[in-house]
S.K.: 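This is the structure I have questions about; it appears just below.
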Amino acid sequence: MAIELTFTEAQQRFRAEARDWLRAHVPREPLATLEGEAGFAQHREWERTLAQGNWGMVTWPREYGGRGAGLIEWLIFEEEYYRARAPLRVNQNGIFLLGPTLMQFGSAAQKARYLPRMAAGEEIWAQAWSEPQAGSDLAALRATAVRDGDSYVLRGHKIWSSRAAFADWCFGIFRTDPAAERHHGLTFLLVPLRHPGVRVRGIRQIHGEPGFAEIFFEEARVPLENRLGEEGEGWHIAMTTAGFERGLLLRSPARFQVAAQRLLELWRRERQQADAALAAKVAQAWMDAEAYALATYRTASRLAAGGSIGMEASLNKIFWSELDLELHRCAMSLLGARAELLPQAAAAQDSGWLEGFLFSLAGPIYAGTNEIQRNLIAERLLGLPKG
Ligand SMILES: Cc1cc2nc3c(=O)[nH]c(=O)nc-3n(C[C@H](O)[C@H](O)[C@H](O)COP(=O)(O)OP(=O)(O)OC[C@H]3O[C@@H](n4cnc5c(N)ncnc54)[C@H](O)[C@@H]3O)c2cc1C
């Protein structure tokens with residue numbers, strides 16, 4: 001399929017509008033980390049500002065707070081967003097994961113109830129899938145939802161739920177039929193986090209902030225209307241969400257292109273510290289970021305023409321997570337011992353690299369580990385026998 005590498009006039013106008021709006025609205029001072037309470041509130045406020053400008057999620061229909069734009073426009077918006085150094089999206093799990101899932105599986109009433117508040121930053125979402133004994137093997141999950149009249153009663157323990165310490169809602173998968181084959185007895189539910197029988201306990205990380213939380217369901221009741229799709233359809237729906245997570249939406253190329261550009265600037269300043277091998281790695285990382293952008297435009301064009309992403313999501317996930325690691329490893333090597341200085345240290349330079357490096361280490365783990373993605377590619381794309 002031929003790729004159109006130029007933007008239409010309408011797309012260029014869209015870019016200019018996004019750029020002007022971001023220039024006028026992106027906070028001049030970086031916000032506090034969204035993993036702490038104060039920073040979370042600041043990021044929530046930023047989501048509201050975005051929504052007021054109608055930039056919450058440009059691809060959504062207008063009635064849900066979007067602009068009815070296409071995927072190419074979304075990629076353009078993301079490029080402008082990262083170039084403007086705009087804040088991280090505290091509602092990424094809602095906007096990029098649950099939102100498109102709701103569009104596909106939600107009833108009209110559910111879409112009207114949840115999407116506008118999500119786009120407006122009024123309700124921040126967390127993903128409640130993993131359990132202490134069910135991470136890679138997600139279908140081993142044990143949290144249950146037992147039907148009782150017009151409610152489900154939830155019991156169980158979820159863990160590693162990003163943003164859940166301060167979020168308002170979670171989307172979880174629960175076992176509704178313990179007798180069914182393990183992928184079949186699962187149901188996808190939307191659960192308020194500040195709710196009787198739901199207890200959230202933040203997990204303090206090395207920097208002291210609770211970026212994750214555990215969620216305990218202790219006979220929490222949610223009405224049947226909080227179910228997404230049919231009972232027992234949870235696995236299928238969750239895998240659609242995972243496709244959005246690994247595929248196009250969670251990590252757009254602009255994030256890496258901007259990091260690659262910063263790496264080049266760092267290289268120009270620090271090149272006397274580097275040998276030829278590091279020079280080659282910097283060049284490769286920069287080219288990989290550009291290649292990822294081109295590949296994403298190709299995927300977006302295919303999707304816009306009615307195609308689907310399928311197993312490519314796993315290839316994609318491995319590529320962006322390894323690219324992120326490599327970009328940060330190069331920067332850490334260029335900075336040498338200075339890379340380890342905390343931002344408050346007098347001699348700290350480019351301190352964002354350390355924070356970014358630590359987060360990049362998690363890339364091969366979240367959204368399904370890279371080992372598991374490799375298994376999926378081997379079995380389902382290449383048709384190799386199960387290991
Ligand atoms: C930054 C971050 C954010 C996260 N956010 C969320 C969130 O919001 N919501 C949520 O529900 N979860 C979240 N998680 C949890 C994440 O989904 C799990 O950590 C991940 O699925 C791995 O599960 P586990 O930690 O139980 O490791 P395990 O499944 O115990 O795996 C341990 C190791 O064994 C390997 N392994 C396991 N099985 C196989 C196999 N069959 N073949 C080859 N290797 C294998 C794995 O690849 C891994 O290296 C997050 C994790 C991180 C790091």
Side-chain angles (χ1 to χ4, degrees), residues 14-69 73-103 106 109-128 161-171 190-195 200 202 209-213 244 249-252 254-255 258:
F14 176 89
R15 183 188 289 283
E17 189 188 347
R19 183 173 295 178
D20 289 348
W21 188 90
L22 288 162
R23 196 179 290 137
H25 291 87
V26 169
R28 291 191 202 297
E29 291 299 316
L31 306 184
T33 170
L34 59 76
E35 303 201 327
E37 191 167 6
F40 196 93
Q42 290 175 3
H43 282 79
R44 188 196 283 273
E45 200 46 48
W46 167 246
E47 290 290 329
R48 292 194 179 116
T49 307
L50 275 172
Q52 281 155 13
N54 238 12
W55 295 106
M57 186 52 183
V58 297
T59 54
W60 290 9
R62 286 185 183 276
E63 60 193 298
Y64 301 136
R67 290 180 169 239
E73 282 75 11
W74 176 69
L75 289 169
I76 291 171
F77 176 70
E78 287 280 292
E79 286 173 8
E80 295 304 321
Y81 193 88
Y82 279 98
R83 279 178 194 144
R85 305 265 170 103
L88 293 176
R89 301 297 302 268
V90 69
N91 212 8
Q92 68 174 26
N93 290 329
I95 285 167
F96 298 143
L97 307 188
L98 180 61
T101 312
L102 265 165
M103 302 271 187
Q110 286 174 325
K111 289 181 202 170
R113 159 65 187 83
Y114 294 109
L115 292 171
R117 289 178 218 199
M118 198 185 286
E122 282 170 27
E123 291 175 345
I124 308 289
W125 287 82
Q127 179 187 31
S161 186
S162 304
R163 322 277 207 256
F166 309 110
D168 309 294
W169 282 77
C170 70
F171 53 95
L190 311 176
V191 186
L193 285 171
R194 279 176 256 285
H195 188 65
V200 176
E209 303 287 6
F212 301 109
F244 296 129
L249 291 176
L250 188 66
R251 295 287 177 249
S252 77
R255 177 185 177 112
V258 167

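This one's a predicted model, so the numbers in the text were calculated from it and none came from an experiment. Values below: all heavy atoms of this structure, side chains included; hydrogens, waters and symmetry mates excluded.
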S.K.: Where is the tightest heavy-atom contact between Cys170 and Trp125, given as atom of each residue plus distance?
M.R.: O-CZ3, 3.5 Å

S.K.: Using every non-hydrogen atom in the two residues, find where Pro192 and Trp169 come nearest and quote the distance to one decimal.
M.R.: N-CE3, 3.5 Å

S.K.: Output all residues satisfying ring-ring contact (aromatic ring centres under 6.0 Å, His included) with Tyr81, sequence neighbours left out; order by chain, then residue number.
M.R.: Phe77

S.K.: Residues two or more places apart in sequence or in another chain: which of them pass side chain to side chain donor-acceptor pair (under 3.5 Å) with Glu45?
M.R.: Arg48

S.K.: Rounded to the nearest 0.5 Å, what separation is found between the OH atom of Tyr114 and the CG atom of Leu98?
M.R.: 9.0 Å

S.K.: Among Asp168, Val90, Leu193, which one satisfies side chain to side chain contact (heavy atoms under 4.5 Å, CB included) with Arg163?
M.R.: Val90

S.K.: Go through it in stages, so that I can follow the logic: the residues are Leu50 and Trp21, the test is side chain to side chain contact (heavy atoms under 4.5 Å, CB included), and I'd like the CA-CA distance, side-chain angles, deciding distance and then a yes or no.
M.R.: CA-CA 9 Å; Leu50 275 172; Trp21 188 90; 3.7 Å; yes

S.K.: Measure the spacing between CZ of Phe14 and CD of Glu80 and express it to the nearest 0.5 Å.
M.R.: 9.5 Å

S.K.: Sequence neighbours excluded, which residues qualify as ring-ring contact (aromatic ring centres under 6.0 Å, His included) partners of Trp60?
M.R.: none

S.K.: Which heavy atom of Gly65 sits nearest to which heavy atom of Asn54, and what is that distance?
M.R.: O-OD1, 3.6 Å

S.K.: With the threshold set at 4.0 Å, does a side-chain nitrogen-carboxylate oxygen contact exist between Arg15 and Glu79?
M.R.: yes

S.K.: Given 3.5 Å as the limit, does a donor-acceptor pair link the side chain of Asn91 with the main chain of Ala119, or not?
M.R.: no

S.K.: Are Glu78 and Arg89 ion-paired here, with the side-chain N under 4.0 Å from a carboxylate O?
M.R.: no

S.K.: With side chain to side chain contact (heavy atoms under 4.5 Å, CB included) as the criterion, how do Gln110 and Leu102 come out once you've worked through the C-alpha distance, each side chain's angles and the decisive distance to 0.1 Å?
M.R.: CA-CA 8 Å; Gln110 286 174 325; Leu102 265 165; 4.1 Å; yes

S.K.: Between Pro30 and Arg85, is there a side-chain heavy-atom distance shorter than 4.5 Å?
M.R.: no

S.K.: How about CD on Glu37, more than 12 heavy atoms from neighbouring residues, nucleotides or ligands closer than 6.0 Å, or not?
M.R.: no

S.K.: Let me confirm one number: the CD-OG distance from Gln127 to Ser161, rounded to the nearest 0.5 Å.
M.R.: 7.5 Å

S.K.: Output the distance between atom OG1 (Thr101) and atom CZ (Phe96), rounded to the nearest 0.5 Å.
M.R.: 13.0 Å

S.K.: Supply the atom-to-atom distance Leu34 CG to Glu47 CD, rounded to the nearest 0.5 angstrom.
M.R.: 9.5 Å

S.K.: So, do Leu250 and Gln92 sit near enough that their side-chain heavy atoms are less than 4.5 Å apart?
M.R.: yes

S.K.: For a quick test of reading the model, state the closest non-hydrogen atom pair linking Ile124 to Gly121 and the distance between them.
M.R.: CD1-O, 3.8 Å

S.K.: Go through the steps to decide whether Arg67 and Trp55 satisfy the test side chain to side chain contact (heavy atoms under 4.5 Å, CB included), and finish with yes or no.
M.R.: CA-CA 8 Å; Arg67 290 180 169 239; Trp55 295 106; 3.1 Å; yes

S.K.: Walk me through whether Arg83 and Val258 qualify under side chain to side chain contact (heavy atoms under 4.5 Å, CB included).
M.R.: CA-CA 6 Å; Arg83 279 178 194 144; Val258 167; 3.9 Å; yes

S.K.: Roughly how far, to the nearest 0.5 Å, is the CG atom of Asn93 from the CE atom of Met118?
M.R.: 10.0 Å

